[in-house]
Amino acid sequence: MKHSEQFIASSTLIATLMLLLVYFTCPYQTAVAELNYTIQPETIVPYKVSIRAEQPSFTDTMDGMIAFTGKSITPDGFSATYTGQLLRKQQSRSNGFRRGFSRPPMPNMFHGVTFGGLSRASHDMTVGLKGNILKLSGQSQIPYLLGNLSILPFEPLPKGTKKHWKVGNGVSIKEEEDTPFFGSPFRRQTVIKTGASEEASFKIKSDDGELISIEKTYSLNSAAANADDESIKIHGTGTFVFNKSMKTTESLTMTHTMTIGTASTTTTIPVTVSLQRIPVEEWETAEQKRAERIAQAKKEHEERMAKKQAAAKEAAGKKLTPDAKQKILADLNSSHWPAVASRVRQLSAFQPHPDDFDIAYKIKELRQHKVVGVYLHARKLWDKLEPIIEAADASKPMTLDSGDNPFTLQSKEKINAQDLRQWSDDSGSFTVQATFIRQDGSSVILERED
């Protein structure tokens, strides 16, 4: 009887152990914690971001770092401060030439759009537990309809412990067009909205206890409203990795194919997106180097300005050389407005000698120029020149005998016939030694030396 009881007890123990073993090893019985986003106050979570798009004739790359500094925890999520930017480079496939400020041959949907994510920015944001953006105080848009750079790390998470989930809704694609040329007479800003449907699906692929690897599929479809509009289709796949202990995104890699079609053409643009969390030390080192570069650039700028001001002070009120004057007048009378604008800016410290008052009056004339980039600088400069000329006019009669420019004559009194000087036309390309005879309206009558 005793041996039978021991056998039964041993059997019961073995059965219990087997049941426990099955419970803890069976994947269907494993407890899965619900996934939520959280960044603790004063905690910095930085990322390295890289975006690459293969345009028909060139490669468009954007690289940089972004970081989120936690501010507070709320019942619905957390608030943080976003900081960062991407630096853009565009390289032709044919000759390796790096495109600068010239506009690339892209579909119309990208023309003139202001991308805040390509400039250094910092703004506050509030993120929900599931990655939904509750509040965003600034704009950090990036190209190829990727949205705001500041929300790139926050993919939607499921409620509960689902292993598959899907999100989708109708969206409005908003294009804000603004010509980038400050001086353009056609400067404008327009807003174009296009309806679209968007859908993303997620599936958990693996979980090592720390990192959850999630497969993502994304699609966007926007039909052309009419024959003149563009249709847009985007299809993408990739992997989103969530860090359970950090409660934030560890990495994201996506490959998109963007197809833009019109009535006559179709453009396909492959786009790859890579986001990887990096050590805080790497971010802080990069920020320190950036601060040092800014300080050095500021120092060099101050040194250049000091030299410029010293040179301007030295040249103030002194007569220009004939060559210098000819070049200035040629630029001010140019039909190429960027040359005019550049020369007006260079004359910001100009204090004319009486013989060079004609340059000052040309500045006065340019206040009515059709290009805003010219007339704003000309008006600012004339505000400084006008008191100088008025003081000169009030101090003495403007006569050729006293060395003053005949353009400033307030009366048509007779001038010394023996006073020869060099004259030039508006372009500065023609000069002649002559004596002033009289002013006839906008014309000047001269007598040549011979």
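For reference, positions follow the sequence shown, starting with 1. Heavy atoms only: backbone and side chains are in, while hydrogens, waters and symmetry mates are out.
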Novice: Compute whether any side-chain donor of one residue and acceptor of the other, for Asp60 and Tyr144, lie under 3.5 angstrom apart.
Specialist: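 A pair is found: one side chain offers a donor N or O, the other an acceptor, under 3.5 Å apart.
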Novice: For the CG atom of Leu366 and the NZ atom of Lys364, what is their distance to the nearest 0.5 Å?
Specialist: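 Atom-to-atom, Leu366:CG and Lys364:NZ are 12.5 Å apart.
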Novice: Could you tell me whether the side chain of Ser348 and the main chain of Arg345 form a donor-acceptor pair under 3.5 Å?
Specialist: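 Yes: the side chain of Ser348 pairs with the backbone of Arg345.
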Novice: Step by step, work out the ring pair (Phe, Tyr, Trp, His ring centres under 6.0 Å) result for Phe154 and Phe68.
Specialist: CA-CA 11 Å; Phe154 302 107; Phe68 302 86; 5.3 Å; yes
Novice: Within the structure provided, determine whether Trp382 and Arg379 are in side-chain contact (heavy-atom separation under 4.5 Å).
Specialist: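 Heavy-atom side-chain distance check fails, nothing below 4.5 Å.
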Novice: Which pair of non-hydrogen atoms, one from Ser251 and one from Gln276, has the smallest distance, and what is that distance?
Specialist: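 Scanning both residues, the minimum pair turns out to be CB-OE1, 3.3 Å.
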Novice: Let's go through Phe357 and Leu385 carefully: what are the C-alpha distance in whole Å and the side-chain angles of both, what is the deciding distance for side chain to side chain contact (heavy atoms under 4.5 Å, CB included) to 0.1 Å, and is it a yes or a no?
Specialist: CA-CA 9 Å; Phe357 277 9; Leu385 295 177; over 6 Å; no
Novice: Could you tell me which non-hydrogen atom of Trp283 sits nearest to which non-hydrogen atom of Thr83, and how far apart they are?
Specialist: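 Reported closest heavy-atom pair: CH2-O, 3.8 Å.
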Novice: With no hydrogens and no angle check, just 3.5 Å: does a side-chain donor-acceptor pair link Thr81 and Thr69?
Specialist: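 Per modelled atom types, Thr81 and Thr69 side chains form no pair under 3.5 Å.
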Novice: Starting at CG of Leu329, measure out to CZ of Arg343 and round the result to the nearest 0.5 Å.
Specialist: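 So the gap between those two atoms works out to 9.5 Å.
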Novice: How many angstroms lie between atom CE of Met258 and atom NE2 of His256, to the nearest 0.5 angstrom?
Specialist: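 Those atoms lie 9.0 Å apart.
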Novice: Flag the pair Thr59 / Arg52 as yes when at least one side-chain heavy-atom distance between them is below 4.5 Å, and no otherwise.
Specialist: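 Heavy-atom side-chain distance check passes, below 4.5 Å.
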Novice: So which heavy atom on Asn148 is nearest to which on Ser140, and how close?
Specialist: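 That would be OD1-N, 2.7 Å.
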Novice: Looking at Lys216, I want to see if its NZ is surrounded by more than 12 non-hydrogen atoms of other residues, nucleotides or ligands under 6.0 Å.
Specialist: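 Yes, NZ of Lys216 has more than 12 neighbouring heavy atoms, counting only those of other groups under 6.0 Å.
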Novice: When you compare the side chain of Leu252 with that of Pro153, does any pair of heavy atoms fall below 4.5 Å?
Specialist: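 Side chain of Pro153 against side chain of Leu252, heavy atoms only: no contact under 4.5 Å found.
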Novice: About how many Å separate OG1 of Thr249 and CZ of Phe240, when rounded to the nearest 0.5 Å?
Specialist: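 Result: 4.0 Å between the selected atoms.
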Novice: What's the spacing between Ser245 OG and Leu211 CG if we round to 0.5 Å?
Specialist: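 It comes to 7.5 Å.
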Novice: If every non-hydrogen atom of Ser150 is compared with every non-hydrogen atom of Met125, which pair is closest and at what distance?
Specialist: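 Closest approach of Ser150 to Met125, heavy atoms only: O-CE, 3.5 Å.
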Novice: Is the number of heavy atoms from other residues, nucleotides or ligands within 6.0 Å of NZ (Lys384) greater than 12?
Specialist: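 Count over threshold, so yes.
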Novice: I want to check something: taking the side chain as every heavy atom from C-beta on, are Arg277 and Met246 in contact at a cut-off of under 4.5 Å?
Specialist: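 Of all side-chain heavy-atom pairs linking Met246 with Arg277, at least one is under 4.5 Å.
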Novice: Within a strict 4.5 Å, meaning less than it, do heavy atoms of the Pro156 and Asn132 side chains meet?
Specialist: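 Pro156 does not reach Asn132 side chain to side chain.
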Novice: Hey, is Arg290 close enough to Glu287 for a salt bridge, meaning N to O under 4.0 Å?
Specialist: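 Salt bridge flag = no for Glu287 with Arg290.
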Novice: Is the number of heavy atoms from other residues, nucleotides or ligands under 6.0 Å of Glu42 CD greater than 12?
Specialist: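 12 or below, so no.
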Novice: Does the side chain of Glu303 come within less than 4.5 Å of Lys299's, by heavy atoms?
Specialist: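 Side chain of Lys299 against side chain of Glu303, heavy atoms only: contact under 4.5 Å found.
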Novice: Ile39 and Lys247: side chain to side chain contact (heavy atoms under 4.5 Å, CB included), yes or no, with the steps?
Specialist: CA-CA 7 Å; Ile39 297 181; Lys247 293 188 176 181; over 6 Å; no
Novice: Could you check whether Ser50 and Asp63, counting side-chain N and O atoms only, form a donor-acceptor pair closer than 3.5 Å?
Specialist: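 Ser50 and Asp63 do have a side-chain donor-acceptor pair below 3.5 Å.
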Novice: Quick check: does any side chain N or O of Asp355 sit under 3.5 Å from a backbone N or O of Lys319, one acting as donor and the other as acceptor?
Specialist: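 No, Asp355 side chain to Lys319 backbone: no donor-acceptor pair under 3.5 Å.
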Novice: Does the Thr61 side chain pair with the main chain of Lys89, one donor and one acceptor, at a distance under 3.5 Å?
Specialist: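 Confirmed, Thr61 side chain pairs with Lys89 backbone.
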Novice: Rounded at 0.5 Å granularity, tell me how far CD1 in Ile66 sits from OG in Ser122.
Specialist: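 Nearest 0.5 Å value for the CD1-OG distance: 12.0 Å.
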Novice: Would a distance-only check, ignoring hydrogens and angles, find a side-chain to backbone donor-acceptor pair under 3.5 Å from Thr126 to Leu134?
Specialist: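 It does not hold such a pair.
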Novice: Scan side-chain atoms only and decide if Glu284 and Gln288 contain a donor-acceptor pair under the 3.5 Å cut-off.
Specialist: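 No, because no side-chain N or O of Glu284 sits under 3.5 Å from a partner of the opposite role on Gln288.
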Novice: In plain terms, say whether Lys325 and Asp358 are close enough for a salt bridge, that is, a side-chain N and a carboxylate O under 4.0 Å apart.
Specialist: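 Looking at Asp358 together with Lys325, the answer is yes, because their closest N to O distance falls below 4.0 Å.
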Novice: Under a 4.5 Å cut-off applied to non-hydrogen side-chain atoms, are Leu332 and Leu347 in contact?
Specialist: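 Touching, per the 4.5 Å side-chain cut-off.
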Novice: If you compare all heavy atoms of Ile73 against all heavy atoms of Pro41, which two are closest, and at what distance to 0.1 Å?
Specialist: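 The pair with the smallest heavy-atom distance is CG1-CD, 3.9 Å.
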Novice: Side chain to side chain contact (heavy atoms under 4.5 Å, CB included) between Tyr82 and Ile151: does it pass, once the steps are laid out?
Specialist: CA-CA 9 Å; Tyr82 155 84; Ile151 67 176; over 6 Å; no
Novice: For Lys233, look at atom NZ and say whether over 12 heavy atoms of other residues, nucleotides or ligands are found less than 6.0 Å away.
Specialist: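 Check fails, neighbour count at 12 or below.
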Novice: Please step through side-chain hydrogen bond (donor to acceptor under 3.5 Å, both in side chains) for the pair Ser342 and Gln346, ending with a clear verdict.
Specialist: CA-CA 6 Å; Ser342 176; Gln346 292 174 23; 3.2 Å; yes
Novice: For a 4.5 angstrom cut-off between non-hydrogen side-chain atoms, does Met62 reach Phe115?
Specialist: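 No; the side chains remain at least 4.5 Å from each other.
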Novice: Output, in order, the C-alpha distance, side-chain angles, deciding distance and verdict of side chain to side chain contact (heavy atoms under 4.5 Å, CB included) for Asp124 and Ser79.
Specialist: CA-CA 7 Å; Asp124 294 333; Ser79 64; over 6 Å; no
Novice: Between Glu54 and Pro270 (side chain of the first, backbone of the second, donor and acceptor by atom type, cut-off under 3.5 Å), is there such a pair?
Specialist: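 No, because the side chain of Glu54 does not come within donor-acceptor range (under 3.5 Å) of the backbone of Pro270.
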Novice: Can you name the closest pair of heavy atoms from Leu146 and Leu152 and give their distance?
Specialist: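 Answer, listing the atom of Leu146 first, then Leu152: O-CD1, 4.5 Å.
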